[in-house]
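What follows is a single structure, written as structure tokens, with notes after it.
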Amino acid sequence: MTHLYALCLALAPLSAAAADGAPLTPEKVNAATGDAPGALLRAQVLLERARFSPGEIDGGAGSNTTRAIAGFQRAHDLEPSGELDEATWKALGEDDAPALVTYALTAEDVAGPFREIPDDTMAKAELESLGFESVEEAVAEKFQASPALIARLNPGKALKAGTELVVPNVAGLPELAPAATVVVDRSDSVLRLQDGEGKVYAQFPASTGSEHDPLPIGEWKINTVATDPTYHYNPELFWDADKSQSKATLPPGPNSPVGTVWIDLSKEHYGIHGTPDPEKVGKAESYGCIRLTNWSARAVAAAVQAGTPAQLQE
């Protein structure tokens, strides 16, 4: 466990993506291209598999998906239009794995414990852990998807051990190669990993500060990486905090303010971390830290080490 103080909680969301409600089947999605129903969902899964993440997979258009497409296009020497043209589909299609697969829920998947997480920081500090609130949330995070998409793909199915679900084919992706440099781009709301020749080989949507707490532009380094960190809340570090509150230690868990990973930067109080709200990543402001989905934060954590350069730029 790691104790940390950080400027890291979420502010108001800036936008949200919406998915259309047409029925989706694996057969339809796995063959979809162009404007066909399910094509955008297939593209999101293939982008995630290519490590140009659209963030939470929801089957809907949005800024994170557009940025993921453009990043994938740059990496493949294509025009970075952010649109799914024929050349981009061809490049994505080099991964011939199905976008949707079936998965039988295990007893561990549905075991919990699940409980409602209070909004109040002091009340959170009294809990033993900040785990998932529901089996729906746990299953959705396992497959990097919105709960609404999992429900849409599996109408009427009970989430219990043995139930066979249709899910995005993103579980068990291999670890990324070690990064030579981490680049956080505020203007594009992304974190990129570069190899030793400066080539971007992975990209993730990120929330990167706000007017009150801007991203600390500059050249920094990774100090340490911690999984399942405890979180030390200090109201003095937040401009809008209730100053009558006291310092508090919050337990670890996916619904921690910093999610399941903390990547400490050489800039005091700042880091790269996960989130309890994956749907807001890249669409909500932060208190200056770099916020990723929990699964993206874990992927980045596995690719960096103490001393890895971190370039934070406009």
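For clarity, every value in this text was computed on a predicted model and none was experimentally measured. Below, all heavy atoms of this structure are taken into account, side chains as well, without hydrogens, waters or symmetry copies.
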Side-chain heavy-atom pair V281, E56 within 4.5 angstrom cut-off:
no
Side chain to side chain, K221 and K267, heavy atoms closer than 4.5 Å:
no
So which heavy atom on P254 is nearest to which on T260, and how close?
CA-CG2, 3.6 Å
Going through the distances and angles, do N294 and E141 end up as a side-chain hydrogen bond (donor to acceptor under 3.5 Å, both in side chains)?
CA-CA 8 Å; N294 284 335; E141 178 135 336; 2.8 Å; yes
Starting from L92 and following side-chain heavy-atom contacts under 4.5 Å between hydrophobic residues (I, L, V, M, F, W, Y), which residues can be reached?
L40, L46, L47, F52, I69, F72, L84, W89, V200
Could you tell me the separation between the OG1 atom of T163 and the CG atom of N154, rounded to the nearest 0.5 Å?
9.0 Å
Q73 and G82 have their tightest heavy-atom pair at OE1-N, 2.9 Å
With sequence neighbours excluded, give me every ring pair (Phe, Tyr, Trp, His ring centres under 6.0 Å) pair touching residues 157-205.
none
Sidechain-backbone polar pair: D264 side chain, N223 backbone, donor-acceptor under 3.5 Å:
no
Testing the basics here: between N169 and P98, what is the closest heavy-atom pair and its distance to 0.1 Å?
ND2-O, 2.9 Å
In sequence, state the C-alpha distance, the side-chain angles, and the governing distance for L127 and I117, and then conclude on side chain to side chain contact (heavy atoms under 4.5 Å, CB included).
CA-CA 9 Å; L127 302 179; I117 305 297; 4.3 Å; yes
Under 4.5 Å side-chain heavy-atom separation, chaining through any Ile, Leu, Val, Met, Phe, Trp or Tyr, what else clusters with W295? Say none if it is isolated.
none
Stepwise side chain to side chain contact (heavy atoms under 4.5 Å, CB included) check, R67 with Q203:
CA-CA 9 Å; R67 294 182 188 115; Q203 176 181 294; 4.2 Å; yes
Do L193 and V183 share a hydrophobic cluster (ILVMFWY, side-chain heavy atoms under 4.5 Å, transitive)?
no
Write out all pairs satisfying side-chain hydrogen bond (donor to acceptor under 3.5 Å, both in side chains) with one or both partners inside residues 29-45, taking only residues at least two apart or from two chains.
Q44-D58, Q44-T65
Is V304 reachable from V190 through a run of hydrophobic residues whose side-chain heavy atoms are each under 4.5 Å from the next?
no
Using a cut-off of 6.0 Å, state whether more than 12 heavy atoms not belonging to K160 lie near its atom NZ.
no
Calculate, to the nearest 0.5 Å, the distance between atoms CH2 and SG belonging to W262 and C289 respectively.
4.0 Å
Looking at T293, is its backbone amide N or carbonyl O close enough to the side chain of S296 to form a donor-acceptor pair, meaning the two atoms are under 3.5 Å apart?
no
Classify the side-chain pair S187/E314 by whether it contains a donor and acceptor separated by less than 3.5 Å.
no
Side chain proximity check, V184 to Q313, heavy atoms < 4.5 angstrom
no
Do the non-hydrogen side-chain atoms of T181 and D195 ever get within less than 4.5 Å of each other?
no
Kindly say whether S189 contributes a backbone atom to a donor-acceptor pair with the side chain of D185 at under 3.5 angstrom?
no
Distance-only, no hydrogens or angles: does the N255 side chain make a donor-acceptor pair with backbone N or O of G131 under 3.5 Å?
yes
CG of L100 to CG of L41, rounded to nearest 0.5 Å, is 5.0 Å
Any side-chain heavy-atom pair from V300 and L292 closer than 4.5 angstrom?
yes
Point-to-point distance, once rounded to the nearest 0.5 Å, from CD1 of I272 to CD1 of I290:
5.0 Å
For residues H273 and R291, determine if any side-chain heavy atom of one lies less than 4.5 Å from a side-chain heavy atom of the other.
yes
Side chain to side chain contact (heavy atoms under 4.5 Å, CB included) assessment of K283 paired with N64:
CA-CA 8 Å; K283 305 170 187 177; N64 285 342; 3.5 Å; yes
Other than Y103, which residues form its hydrophobic cluster under the rule that side-chain heavy atoms must be closer than 4.5 Å?
V101, L105, V110, F114, F132, V135, V139, F143, I150, L159, L165, V167
Where is the tightest heavy-atom contact between L78 and A91, given as atom of each residue plus distance?
CD1-CB, 4.3 Å
Decide side chain to side chain contact (heavy atoms under 4.5 Å, CB included) for K280 and T275; before the verdict, give the C-alpha distance in whole Å, the side-chain angles of both, and the deciding distance to 0.1 Å.
CA-CA 9 Å; K280 295 180 181 179; T275 180; over 6 Å; no
Taking only residues at least two apart or on different chains, which pairs with a member in residues 75-90 satisfy salt bridge (charged side-chain N to carboxylate O under 4.0 Å, His left out)?
none
How long is the span from the CZ atom in R192 to the NZ atom in K199, to the nearest 0.5 Å?
12.5 Å
Regarding T66 and S63, do their side chains bring together a donor and an acceptor under 3.5 Å, going by distance alone?
no
So which heavy atom on A32 is nearest to which on P37, and how close?
CB-O, 3.6 Å
Do the side chains of E48 and P54 get nearer than 4.5 Å, heavy atoms only?
yes
Counting distance only, does the side-chain N/O of S207 pair as donor-acceptor with the main-chain N or O of G282 below 3.5 Å?
yes
For a quick test of reading the model, state the closest non-hydrogen atom pair linking L176 to A303 and the distance between them.
CB-CB, 4.1 Å
NE2 of H232 to OG1 of T249, rounded to nearest 0.5 Å, is 3.0 Å
So do L250 and P257 actually touch side chain to side chain, heavy atoms under 4.5 Å?
yes
Taking a hydrophobic cluster as the set of Ile, Leu, Val, Met, Phe, Trp and Tyr residues connected by side-chain heavy atoms closer than 4.5 Å, whether directly or through intermediates, do I57 and L173 fall within one such cluster?
no
